[in-house]
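All figures in this text were calculated on a predicted structure; none of them were measured in a lab.
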Amino acid sequence: MNTLQAIIIAIIEGLTEYLPISSTAHMGFTAALMGMPESEFLKMFQVSIQFGAILSIVVLYWKKFFDFKNFNFNFYIKLACAVVPALILGKLFDDKIEAVLGNQVAISGMLVFGGIILLFVDKWFKNPKINDEKDITLKQAIIIGFWQCLAMMPGTSRSAASIIGGMTQGLSRKAAAEFSFFLAVPTMLAVTVYSVFVKTWGEDTATPMKGYEMILQDQNHIMLFVIGNVVAFIVALIAVKTFIAVLTKYGFKFWGWYRIIIGIILLIYFSYNSPTQAEKDNAASVETTMIQHK
């Protein structure tokens, strides 16, 4: 991965992380279209730059997270309980999730399926009763947390799953989107910490490594990690504000059609251009050889 590729992937992450179109899918498609071979560092990079996107929410909603004068203990309790399902199921299905990350055909299919669902969401939930996070009960927050787990299938979209989950509980589009943003902070922070400090990447290779070991492996990896997070942070700041305005005014139909059109195009493309298993194994072998000679 070179600097330009890292910047492009980080831009995609910042643009799509909080939109209901699946950042994982878009980063995977972008890497594949740029001809980047699958590698453990690339997979880890795509997860770790979520940290930059996390910071954008903390900055935009600074008073919500750190208003100690009007401390809202229930806010933190709801987030803590809502994130538990994702932490447990994410750990249990970690290997299966990683296995699907390189299957662009399956991810394209999920992009289309999710788009079809989004076309009808506004019709299904016409009478919201909750317009503010303070009115969300603990039970509702936990239910939204379970909905978020649907996004463990790459291509689904964590944002879409949690926003729809919120709307099933009577939240308005704006309230559901904002609670999805809030829930993303502990969820993505946990995923990032796990990926960088806990998870061993490439366990079936000759050089299994922790995420931080790959980052600290050479100066180029450190630079890519820093640049990726900074770019994702800046782009996400802009994307979140824009998304709230568009979602409140136009609803989900635009995003549904976007997913369907892009998904079909990519489904056709990757059906004929996906790398064979032999090519994937060869790319992994080359990566391992490069690491051993550093």
Side-chain angles (χ1 to χ4, degrees), residues 1-19 21-57 90 94-95 97-104 107 151-152 154-155 157-159 184-185 187-205 207-236 239 275 280 283-292 294:
M1 183 192 305
N2 57 44
T3 303
L4 178 59
Q5 290 171 330
I7 291 174
I8 291 173
I9 291 176
I11 290 174
I12 297 299
E13 160 64 17
L15 282 173
T16 61
E17 180 58 53
Y18 297 107
L19 304 183
I21 57 178
S22 180
S23 61
T24 301
H26 282 72
M27 284 191 289
F29 297 152
T30 302
L33 292 172
M34 287 193 294
M36 299 174 66
E38 288 184 35
S39 69
E40 298 304 309
F41 179 75
L42 175 59
K43 292 178 183 177
M44 187 277 301
F45 177 82
Q46 291 174 338
V47 175
S48 66
I49 59 174
Q50 291 179 341
F51 181 71
I54 294 169
L55 290 181
S56 71
I57 294 299
D94 177 49
D95 292 338
I97 295 169
E98 185 180 341
V100 180
L101 285 176
N103 189 336
Q104 303 303 338
I107 295 175
M152 290 180 184
S157 170
R158 188 209 62 80
S159 176
V185 174
T187 303
M188 289 158 49
L189 180 60
V191 171
T192 302
V193 170
Y194 175 75
S195 299
V196 174
F197 296 103
V198 180
K199 180 178 174 64
T200 300
W201 297 85
E203 290 186 321
D204 56 347
T205 68
T207 56
M209 302 177 75
K210 300 290 188 184
Y212 71 88
E213 292 175 326
M214 285 193 283
I215 295 170
L216 299 175
Q217 190 175 27
D218 59 48
Q219 291 185 341
N220 182 56
H221 281 186
I222 296 174
M223 180 183 69
L224 294 177
F225 176 76
V226 173
I227 290 175
N229 276 283
V230 171
V231 172
F233 168 74
I234 295 172
V235 176
K280 292 180 180 181
S285 176
V286 170
E287 180 189 20
T288 299
T289 301
M290 291 174 65
I291 291 173
Q292 290 174 333
K294 286 184 177 180

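Q46 has its side chain out of reach of E13: every pair of non-hydrogen atoms, C-beta onward, lies at least 4.5 Å apart. Side-chain atoms of S39 and F45, non-hydrogen and from C-beta on, never get closer than 4.5 Å to each other. Contact of the R158 side chain with the E17 side chain is registered, since non-hydrogen atoms from C-beta on lie closer than 4.5 Å. Between I215 and M44 there is a side-chain heavy-atom pair separated by less than 4.5 Å. The shortest side-chain heavy-atom distance between I21 and S157 does not fall under the 4.5 Å cut-off.
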When you look at W201 and K210, which way does the side chain to side chain contact (heavy atoms under 4.5 Å, CB included) test go after all the steps?
-> CA-CA 6 Å; W201 297 85; K210 300 290 188 184; 6.0 Å; no
Checking side chain to side chain contact (heavy atoms under 4.5 Å, CB included) for the pair E40/M209: CA distance, chi angles, key distance, verdict?
-> CA-CA 9 Å; E40 298 304 309; M209 302 177 75; over 6 Å; no
Kindly indicate, with the supporting measurements, whether the criterion side chain to side chain contact (heavy atoms under 4.5 Å, CB included) is fulfilled by Y18 and S56.
-> CA-CA 11 Å; Y18 297 107; S56 71; 3.9 Å; yes
Show your working on side chain to side chain contact (heavy atoms under 4.5 Å, CB included) between V196 and S48 and close with a plain yes or no.
-> CA-CA 7 Å; V196 174; S48 66; 3.9 Å; yes
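Taken to the nearest 0.5 Å, the OG1 atom of T24 stands 7.5 Å off from the CD1 atom of I107. Within the model, atoms CD1 of I11 and CD1 of I234 stand 10.0 Å from one another, a figure rounded to the nearest 0.5 Å. The distance from atom CG of L224 to atom CG of D218, rounded to the nearest 0.5 Å, is 8.0 Å. Here OH of Y212 is found 13.5 Å from CZ of F225. Values are rounded to the nearest 0.5 Å. Distance check: L42 CG to M214 CE gives 10.0 Å after rounding to the nearest 0.5 Å. Of the inter-residue distances, the one linking L189 atom CG with L55 atom CG reads 9.0 Å to the nearest 0.5 angstrom.
In this structure, F51 and N229 approach most closely via the heavy-atom pair CB-OD1, 3.3 Å. Among all heavy-atom pairs drawn from A53 and A236, the shortest one is CA-CB, 4.1 Å. Of all heavy-atom pairs spanning H26 and S22, the tightest one is ND1-O, 2.9 Å. Minimum interatomic distance between V191 and Q50 (heavy atoms only, all atoms of both residues): CG1-OE1, 4.0 Å. Closest approach of A25 to G155, counting heavy atoms only: CB-CA, 4.0 Å.
Within 6.0 Å of the CZ atom in F233, the count of heavy atoms belonging to other residues, nucleotides or ligands exceeds 12.
Evaluated for a side-chain contact (heavy atoms from CB on, under 4.5 Å) with M34, the options I9, L4, N2 yield exactly one hit, I9.
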